[in-house]
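A quick write-up on the structure given underneath.
The figures that follow rest on heavy atoms only: side chains count, while hydrogens, waters and symmetry mates do not.
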Amino acid sequence: MPFIPHTEDDIQSMLATIGVDHIDDLFDEIDPSLRDVRLDSIPERASEQAVTRLMGERAARDAGGLCFIGAGAYEHHIPAAVWELTTRGEFYSAYTPYQPEASQGTLQVVYEYQTMMTGLTGMDVANASLYDGASALAEAVLMAVRANRRSKSARILMPASVHPFYRQVARNICANQGITFEAIDYDRATGRIDEAALTRWAKEDVTALVIPQPNFFGVLEDVDTLTDWAQNNGALAIGLVNPLSLAVFKEPGRWGTGEGADIVVGEGQPLGAPLASGGPYFGILCCRKKHVRQMPGRVVGRTQDMDGRTGYVLTLQPREQHIRRSKATSNICTNQGLLVTAATIHMSLLGSRGLENTAATCIANTRALVDRLTAIDGVEAVFDSPAFHETVLRLPVDAEQALAALAERGVFGGLALAEFYDGLDNTVLVCATETKTEADLETYADALRDVIAAQAEAA
């Protein structure tokens, strides 16, 4: 529906109807000091032409260059049909409705998405998505505290190998709700969770253990051992996954020797969402059926109407827009419907074989990239564990300066880790997805070799 602004006559008519002279009269109960707020940081208004030009200039900054940066947002090939369909009018502005009968098409898309996501993760139930991967982890923590009634500590074991931003978001959302996060260090040789660091918690009251797979360093964790440890110690296992990796690795529903992970979360961006200056993306959250009443968000179910026709309905709506706030599991569990639509179409087009081939190519390309880069004098792999599609390398020169010099040559070479981790000076996290060719890998290696030589000569 197009936006039709009110005319001055419309405004005066409405004011007369409710018996006031000015719009400001509607806010006379608010302290004037609170209403007189100067918004100095907001720029002056601009014309449509000026705004269009500005946004075009900003978009152009993302153009060109070879991107080898991962760290939570990945460059994958997205078939043209994905966003051609997603941006159709019936999807582009749709939102999961509060009246299920109002939009059967939207509900069916969400139902198909949930079905695909449970198949990918091996879990029983998936919700209709969350805001992003970081907030999904925070919601999983809150959910674990509610679901694990044997635990009274509200203590979460959070590995240092979890994405730094995810850890920060989880703390920001949960720390003021009586939840304690205990840091679990990583092994300096393997990059995996230091299992010895877990031993001190073996006899303690622990609510949940977060298990990243792969972790922030791209390293594959020993998920079976970690899941068994959590459940043997009365804690829930929260799997934090890259959904694409599940096309080739064991799904969380089969982790360990028991029932698998209890809750699974992740960032859905690898499934059809482009690199678009940081978003929007969507958060994945799945769980065991026994925990479904504690799951935030919404669940769409399939049923039949009185005439035997298939229909789709919101079968679980535990958030504050639907029920009393005091009964809600969350009031921030935004459903990213447009991104879910794109992911559903993306997975449908690729199919299980396509997802598997994509993931396998990512692994092969990363191995090939590491082989080329570590052939350069002074460049070495930091960890000796298997990885998915990114890994950590140490450079013989200043990493920040090297990345800046690479960018000038049109190569975005990775993420420097010294800002986030002590002891990882002059290290970079590099990523190679299926979008990279042999020539791309060679271009990166040649550029890095030149940059290292130039910096060594300058020193």
Side-chain angles (χ1 to χ4, degrees), residues 70 72 117-126 133 136-137 140-141 143-144 147-148 156-163 166-167 170 182-199 201-202 206-268 270 283-288 291 355-356 359-360 362-363 366 383-392:
M117 204 53 64
T118 54
L120 200 58
T121 61
M123 303 301 286
D124 299 326
V125 188
L137 176 58
V141 168
M143 179 180 171
N148 190 351
I156 307 298
L157 302 187
M158 181 69 77
S161 57
V162 168
H163 196 303
Y166 284 38
R167 287 185 276 132
E182 303 290 351
I184 303 298
D185 204 0
Y186 66 93
D187 183 273
R188 297 302 186 272
T190 64
R192 291 178 170 179
I193 293 173
D194 186 355
E195 294 181 19
L198 287 174
T199 57
W201 301 105
V206 174
T207 303
L209 168 66
V210 177
I211 306 173
Q213 180 73 336
N215 66 27
F216 181 62
F217 305 131
V219 170
L220 301 181
E221 298 281 1
D222 185 355
V223 294
D224 292 332
T225 299
L226 293 170
T227 301
D228 285 344
W229 184 95
Q231 295 173 348
N232 291 338
N233 286 276
L236 299 189
I238 301 175
L240 174 60
V241 301
N242 179 325
L244 180 62
S245 74
L246 300 181
V248 291
F249 300 136
K250 181 188 292 187
E251 61 267 35
R254 296 195 300 118
W255 289 357
T257 57
E259 296 181 346
D262 295 281
I263 306 170
V264 177
V265 296
E267 171 57 63
I284 297 164
L285 194 151
C286 306
C287 70
R288 290 291 176 196
H291 301 312
L355 290 172
E356 181 180 346
C362 289
I363 295 172
T366 299
F383 304 121
D384 61 359
S385 297
F388 180 43
H389 62 13
E390 52 197 329
T391 194
V392 181

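- Taking each heavy atom of Q231 and G260 in turn, the nearest pair found is NE2-O, 2.7 Å.
- Here the side chains of E195 and D222 are in contact, with some heavy-atom distance below 4.5 Å.
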Quiz item: Can you check side chain to side chain contact (heavy atoms under 4.5 Å, CB included) on L355 and L244, steps first, answer last?
Solution: CA-CA 7 Å; L355 290 172; L244 180 62; 4.1 Å; yes
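- Of all the heavy atoms in A147 and H291, the pair that sits closest is CB-ND1, 3.8 Å.
- Residues L285 and M143 are in side-chain contact: their nearest non-hydrogen atoms beyond the backbone lie under 4.5 Å apart.
- Looking at L246 and T121, their side chains come closer than 4.5 Å, going by heavy atoms from C-beta outward.
- The side-chain heavy atoms of L226 and L198, taken from C-beta on, include a pair separated by under 4.5 Å.
- C287 SG to D124 CG: the interatomic distance, rounded to the nearest 0.5 Å, is 7.5 Å.
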Exercise. Please step through side-chain hydrogen bond (donor to acceptor under 3.5 Å, both in side chains) for the pair N242 and S245, ending with a clear verdict.
Key: CA-CA 6 Å; N242 179 325; S245 74; 4.9 Å; no
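- Scanning both residues, E267 and P243, for their nearest heavy atoms gives O-CD, 3.2 Å.
- No side-chain heavy atom of N233 sits under 4.5 Å from any side-chain heavy atom of W201.
- Nearest heavy atom pair, residue A387 against residue I363, reads O-CG2, 4.5 Å.
- The shortest distance between side-chain heavy atoms of W229 and L157 falls below 4.5 Å.
- The side chain to side chain contact (heavy atoms under 4.5 Å, CB included) test applied to N148 returns R150, S151, T207, L236, not counting sequence neighbours.
- To the nearest 0.5 angstrom, T366 atom OG1 is 8.0 Å from F388 atom CZ.
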Only pairs under 3.5 Å count here: list side-chain donor-acceptor contacts from residues 209-219, not counting sequence neighbours, and write none if there are none.
unit_1: Q213; atom_1: OE1; unit_2: E221; atom_2: N; d: 2.7
unit_1: N215; atom_1: OD1; unit_2: F217; atom_2: N; d: 2.9
unit_1: N215; atom_1: OD1; unit_2: G218; atom_2: N; d: 3.3
unit_1: N215; atom_1: OD1; unit_2: V219; atom_2: N; d: 3.1
unit_1: N215; atom_1: ND2; unit_2: G191; atom_2: O; d: 2.9
unit_1: N215; atom_1: ND2; unit_2: E221; atom_2: OE2; d: 3.0

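- Checking each of I184, I193, D185, D187 against S161 for a side chain to side chain contact (heavy atoms under 4.5 Å, CB included) leaves exactly one that passes, namely I193.
- When all heavy atoms of I238 and A144 are compared, the pair lying nearest together is CD1-CB, 4.0 Å.
- The main-chain N or O of T190 is found under 3.5 Å from a side-chain atom of S385 such that the two form a donor-acceptor pair.
- Annotation: salt bridge (Lys or Arg N to Asp or Glu O under 4.0 Å) contacts involving residues 236-250, sequence neighbours excluded, comprise D224-K250.
- R167 and P159 make their closest contact through CD-O, 3.5 Å (heavy atoms, listed as atom of the first residue, atom of the second, distance).
- I263 contributes atom CD1, which lies 12.0 Å from atom CG of L240 (distance to the nearest 0.5 angstrom).
- With values rounded to the nearest 0.5 angstrom, M123 atom CE is found 13.0 Å from M117 atom CE.
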